[in-house]
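Below is one structure, written out as structure tokens; comments come after it.
Chain letters run A, B, ... following the sequence lines, proteins first and then strands; every chain starts at 1.
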Amino acid sequence: MAAESGMTEMGDRPVIDAELVRRTARLARLEVTEDEIPGLVDHLEKMLDLVEQLELTESKTSHEQLASARMDGEKLSLSKWREDVVAGESDPGGPRRPEKLGENAPDWRDGSFVTPRVVGGD
Amino acid sequence: MVNDAASSLPDPGATSHEVLAHLQSGKCTTKALISEYLNFLETTGKRLGAVVEVFSQSALQEAEASDARRMAGETLGVLEGIPFTAKMNICTEEGTTDASSAMLAGFEAGVDATVVQKMRSAGAILVGKSSCDEFAMGASNESSAHGVVRNPWDESRVPGGSSGGAAALAGAFGWAIHLGSDTGGSIRQPAAFCSATGMKPTWGRVSRRGLIAFGSSLDQIGPLARDAKDCQIALEVLQGSDPLDATSLSFSESSKEPIRKIGWIRQGFGEGIDASIREQVEAARSILEKDGIEFVEVSLPTMAQANACYQVIATAEASSNLARYDGIHVGKRLSSNDLEELYSSSRSSGFGAEVRRRILLGTFVLSSGYIDAYYGRAQSVRQEIREEILSALDDVDALMMPVSPFAPFKIGERIDDPLALYACDILTVTANLAGVPAVAVPCAFDNEGLPVGMQWLGKHGDDHRLLQLASLWQELNDTWKSVPQGGQS
């Protein structure tokens, strides 16, 4: 069932069903209700119909060729790293109002994000 | 000194550059100008649902400071006194930046995005935040947590999206620059629907530091305004490499010569494009030809796949970018004693239906067993689309086609059919996939009095050449000058 057939063919169409939607939702950290599932199955089906238009031409550009993609004029260079130092409040991009970090958190105590207990417990 | 009461304000449809001259000649103060613009936002802007927050107090204070600088003969910025807005997904120190999502309700960035800093440094005055589709995902501005936005030319119709608030403001009234973002057409399509001018710069030309990310290989901030010259002035301010955005670069134009040879994209006028749109853009071609612009037919067969390719890449990147909204660090949280349940319940409650659909598709195309067949294939097709566009641009200075396949539609008409909404993007996504600049301009009004837009795509870095072409068009045709009835405050 899995489409691991390489780059030139779309492979077998996966079966879009409630189980696939539930599994994908779990991966996406989303809850889906039973009422929502038929609509989501239908939507995914239609989207895959659309996506199956993706056909490579004879040149069969490979995934690997992307690394040497033509970059006319852009000269994308990763040589412009900024200094690896913590920006101060007066630096561009520095934390001008560091307390904002906590103000936007749903639960923030004593300088830390609060989460449910993940280890141990009662 | 100009007496506020006696000052003469610019016409409602005046461009930013006309307003700059107006202020410079002393016909009105910046305070009077900003005061009137705030009035427009509070009345028409809010009635259209286009503006979410209005910064009256700070804007008036900045206007007074600007007047004082002008009086003192100090050096003034190139946008001194011009009002500007930022889309709800662009961070501002003042107000909230919630990307029109309940997930980020009340989020205060506490810092200006680089583009906002640059506008301020140029003397422009931040007057408010414009509504958009949730997380910039949409083509009708019906998925904003702040409600629908209405088209100023027909308030029963959508303004386009996702920068629908910015476009509705720019279409309804002049004077200002509006910062939007364009991932698959989100500046150009609403500009076309609202009869505004909108620019998607070359990917990387404008810093995205402070933009709430949607699809990082596609997202680009750009201006919406009355005319191409306004966009040109704004782009001069906004562009340039930013040490805080490693994907930003400084570009130069491929040539100093004006654009004289345009490729007419055959696929932009084929099946699925309304006849009235085709006719109006063909009429524009004739006007340009009479001015000596040469047209050649260009075929871009891969355009047929652009929308499918975009849907895979944009949703994959969105599912990644939006993974950070977990209910822990920022955003909405539902209480739970279990961490996994807290994540999923908070995310499901915070994200709207369209965002959830896109995250699901994006997660699917990236999931084990399907990534090569869908995401990998889309990346390869993207490379082919890019090669095809760049090859076409070897022979011509720019490429031309409509912006939208159809006119602005009624609110609610497509909202229950996501694929019908995605069809809005079929002519705009190509520029994003190729990373090339594109500018949308008002072309005409159709038989129902609805705006029709057209766009030009150019070589990487040819943003200003495109805007010069757009300015030439706007000298030859004055569609862009129209202001809707009722658009004024």
Side-chain angles (χ1 to χ4, degrees), chain A residues 1-7 10-11 14 20-21 23-32 40 43-44 46-48 50-57 59-63 65-66 69-70 72-76 78 80-82 92-93 95-97 100 103-107 113 115-118, chain B residues 107-111 204 209 241 243-244 246 249 251 254 304-305 307-309 311-312 319 323 326-333 336-339 342-345 347-348 356-357 359-361 363-364 367 369-370 372-374 376-381 383-384 386-387 390 418-419 459-461:
Chain A
M1 61 146 234
E4 293 175 332
S5 53
M7 296 303 303
M10 197 56 92
L20 183 105
V21 167
R23 192 169 72 233
T24 309
R26 205 155 51 239
L27 282 171
R29 299 282 192 271
L30 289 173
E31 281 178 353
V32 290
L40 290 169
H43 180 69
L44 264 184
K46 286 179 179 162
M47 288 308 294
L48 292 195
L50 175 70
V51 167
E52 284 181 2
Q53 293 172 11
L54 292 175
E55 294 290 337
L56 292 180
T57 60
S59 67
K60 294 187 177 61
T61 310
S62 76
H63 209 29
Q65 279 177 277
L66 295 176
R70 173 179 173 174
D72 286 354
E74 294 173 36
K75 301 178 185 63
L76 275 179
L78 297 178
K80 294 190 300 176
W81 299 105
R82 68 177 171 86
R96 286 193 292 165
R97 296 171 67 187
K100 278 283 170 199
E103 284 177 18
N104 281 309
D107 199 350
F113 297 102
T115 72
R117 183 184 294 275
V118 289
Chain B
F107 174 74
E108 294 179 7
V111 64
R209 179 239 173 187
S241 176
L244 299 174
L249 295 158
F251 285 87
S254 70
Q305 302 189 62
N307 195 26
C309 180
Q311 294 300 335
V312 172
S319 76
D326 56 6
I328 301 292
H329 302 94
V330 68
K332 188 166 187 174
R333 174 190 285 203
S336 170
N337 293 325
D338 177 78
L339 189 63
L342 186 152
Y343 290 151
S344 55
S345 61
R347 286 165 59 78
S348 295
R356 283 154 43 88
R357 272 195 292 270
I359 290 175
L360 269 184
L361 178 65
T363 303
F364 173 74
S367 61
Y370 305 116
D372 281 347
Y374 294 104
R377 179 174 295 261
Q379 288 285 43
S380 298
V381 170
Q383 183 60 17
E384 293 187 357
R386 180 188 169 89
E387 291 288 344
L390 296 183
L419 269 78
K459 296 171 189 167
H460 291 125

Does any backbone or side-chain atom of [X] lie under 4.5 Å from a heavy atom of chain A? Answer side chain, backbone, both or neither.
X        : result
B/Ser345 : both
B/Val330 : both
B/Leu361 : both
B/Asp338 : backbone
B/Ser336 : backbone

Heavy-atom pair with the smallest gap, counting every atom of [X] and [Y]:
X        : Y        : result
B/Ile328 : A/Ala105 : O-CB, 4.2 Å
B/Ala304 : A/Gln53  : O-OE1, 3.4 Å
B/Arg347 : A/Arg29  : NE-O, 3.0 Å
B/Arg356 : A/Leu30  : O-CD1, 4.0 Å
B/Gly327 : A/Pro106 : O-CG, 3.3 Å

Spacing of [X] atom [atom1] and [Y] atom [atom2] [to the nearest 0.5 Å]:
X        : Y        : atom1 : atom2 : value
B/Gln379 : A/Leu54  : CD    : CG    : 11.0 Å
A/Lys46  : B/Leu419 : NZ    : CG    : 7.0 Å
A/Leu20  : B/Phe364 : CG    : CZ    : 5.5 Å
A/Leu27  : B/Leu360 : CG    : CG    : 10.0 Å
A/Leu50  : B/Gln305 : CG    : CD    : 10.5 Å

With a 4.5 Å cut-off on side-chain heavy atoms, are B/Phe107 and A/Glu103 touching? no
Okay, A/Leu44 and chain B: the region with an atom under 4.5 Å from a heavy atom over there is side chain
Note to self: For a side chain to side chain contact (heavy atoms under 4.5 Å, CB included) check, start with the C-alpha distance between A/Thr115 and B/Leu339, then their side-chain angles and the critical distance, and finish with the verdict.
What the structure shows: CA-CA 7 Å; A/Thr115 72; B/Leu339 189 63; 4.1 Å; yes
* Hey, does the side chain of B/Asn337 reach the backbone of A/Pro116 with a donor-acceptor pair shorter than 3.5 angstrom? -> no
